[in-house]
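For reference, the structure discussed in these notes is given below.
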Amino acid sequence: EASKVKGASGRRILTDLVSLVRFAIHQDNELVPFPERVNANFKAWLATQDRHPGESRGPGFTPEQMKWLEMIRDHIAANLGIEPDDFEYAPFSQEGGLGKVHQLFGDKLPEMLASLNDALAA
């Protein structure tokens with residue numbers, strides 16, 4: 001049983017392995033756990049997003065959009081990426097799934113997911 005890799009701990013092993021390989025091939029100067037890297041990349045990504053005119057701080061996301069962006073960030077940290085199909089499963093399904101995320105982000109959703117996948121898992 002101990003040799004089987006499954007569930008959350010299995011994903012954690014996989015994401016840690018990604019960090020270890022990047023360190024080993026000198027892509028990174030320090031060994032940083034993958035979820036920490038994703039969180040730092042998420043903050044950097046947020047800083048590049050459009051702001052509402054006249055606002056000097058933060059991107060122009062509503063609190064509900066931010067909640068979804070944080071769930072997407074956490075999903076990428078655990079699974080190395082996100083696809084539209086992932087919105088049919090928890091935790092997204094409990095919050096309204098693909099329909100809700102489309103309602104929140106509209107036509108920009110595919111482009112935004114691609115951008116998040118590139119930026120956060122980098």
Side-chain angles (χ1 to χ4, degrees):
E1 291 300 309
S3 65
K4 288 185 180 172
V5 175
K6 61 184 187 181
S9 62
R11 284 195 298 276
R12 180 63 200 258
I13 290 167
L14 183 61
T15 57
D16 285 351
L17 194 58
V18 168
S19 296
L20 189 59
V21 168
R22 286 181 170 186
F23 178 70
I25 62 173
H26 308 295
Q27 263 195 333
D28 298 327
N29 294 325
E30 57 182 332
L31 188 55
V32 178
F34 191 72
E36 287 179 30
R37 169 189 305 286
V38 168
N39 199 32
N41 290 347
F42 179 68
K43 288 178 181 168
W45 180 86
L46 279 177
T48 68
Q49 299 308 294
D50 291 340
R51 302 168 195 280
H52 284 310
E55 277 191 16
S56 59
R57 57 165 191 78
F61 293 115
T62 67
E64 190 173 19
Q65 285 175 320
M66 280 304 301
K67 177 182 173 185
W68 276 80
L69 287 170
E70 288 165 1
M71 288 193 302
I72 291 168
R73 172 201 64 198
D74 294 345
H75 185 87
I76 291 172
N79 299 283
L80 304 176
I82 192 161
E83 301 296 329
D85 290 352
D86 295 329
F87 293 108
E88 299 305 327
Y89 303 99
F92 307 108
S93 57
Q94 289 131 335
E95 303 289 336
L98 189 56
K100 183 63 175 181
V101 77
H102 252 294
Q103 182 186 332
L104 287 172
F105 296 105
D107 293 341
K108 293 182 179 173
L109 182 65
E111 179 187 328
M112 191 184 75
L113 290 179
S115 173
L116 282 164
N117 277 326
D118 287 348
L120 271 55

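For clarity, every value in this text was computed on a predicted model and none was experimentally measured.
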Spacing of [X] atom [atom1] and [Y] atom [atom2] [to the nearest 0.5 Å]:
X: Lys100; Y: Phe87; atom1: NZ; atom2: CZ; result: 13.5 Å
X: Glu64; Y: Glu95; atom1: CD; atom2: CD; result: 8.5 Å
X: Leu109; Y: Ile72; atom1: CG; atom2: CD1; result: 7.0 Å
X: Leu113; Y: Leu120; atom1: CG; atom2: CG; result: 11.0 Å
X: Trp68; Y: Gln103; atom1: CH2; atom2: CD; result: 9.5 Å
X: Asp107; Y: Met112; atom1: CG; atom2: CE; result: 12.0 Å

Open item on the list: Whether the side chain of Asn117 engages the backbone of Gly81 through a donor-acceptor N/O pair (distance < 3.5 Å, no angle test) should be reported.
Closed with: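 Checking the backbone N and O of Gly81 against the side chain of Asn117, no donor-acceptor pair under 3.5 Å is found.
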- [ ] May I ask you to decide if Phe105's main-chain N or O and Gln65's side chain share a donor-acceptor pair within less than 3.5 Å?
- [x]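 No; judged by distance alone, with no hydrogens or angles, the pair does not exist.
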TODO: Start with the C-alpha distance between Leu46 and Leu69, add both sets of side-chain angles, then the distance that settles side chain to side chain contact (heavy atoms under 4.5 Å, CB included), and finish with yes or no.
DONE: CA-CA 10 Å; Leu46 279 177; Leu69 287 170; 4.3 Å; yes
Task: Met66 reachable from Leu104 in the ILVMFWY side-chain graph, under 4.5 Å edges - done: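 Yes; tracing contacts between hydrophobic side chains, which count when under 4.5 Å, links both residues.
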Task: Heavy-atom closest pair, residues Trp45 and Ser115 - done: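 For Trp45 versus Ser115, the nearest heavy atoms are NE1-OG, 2.7 Å.
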- [ ] Grab the two heavy atoms, one from Ala77 and one from Pro35, that are nearest each other, plus how far apart they are.
- [x]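 Taking Ala77 first and Pro35 second, the nearest heavy atoms are CB-CA, 4.0 Å.
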Open item on the list: Looking at Glu83, I want to see if its CD is surrounded by more than 12 non-hydrogen atoms of other residues, nucleotides or ligands under 6.0 Å.
Closed with: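 At most 12 heavy atoms, drawn from other residues, nucleotides or ligands, come within 6.0 Å of this atom.
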Open item on the list: Counting only heavy atoms not in Glu88 (residues, nucleotides, ligands), do more than 12 fall under 6.0 Å from its CD?
Closed with: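 Above 12, so yes.
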- [ ] Decide yes or no for Val101 and Phe92: does some side-chain heavy atom of the first lie under 4.5 Å from some side-chain heavy atom of the second?
- [x]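 Heavy-atom side-chain distance check fails, nothing below 4.5 Å.
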Task: side chain to side chain contact (heavy atoms under 4.5 Å, CB included) evaluation trace for Met71 with His75 - done: CA-CA 6 Å; Met71 288 193 302; His75 185 87; over 6 Å; no
TODO: Let me see the working for Ile82 and Leu116 under side chain to side chain contact (heavy atoms under 4.5 Å, CB included), right down to the final yes or no.
DONE: CA-CA 9 Å; Ile82 192 161; Leu116 282 164; 5.6 Å; no
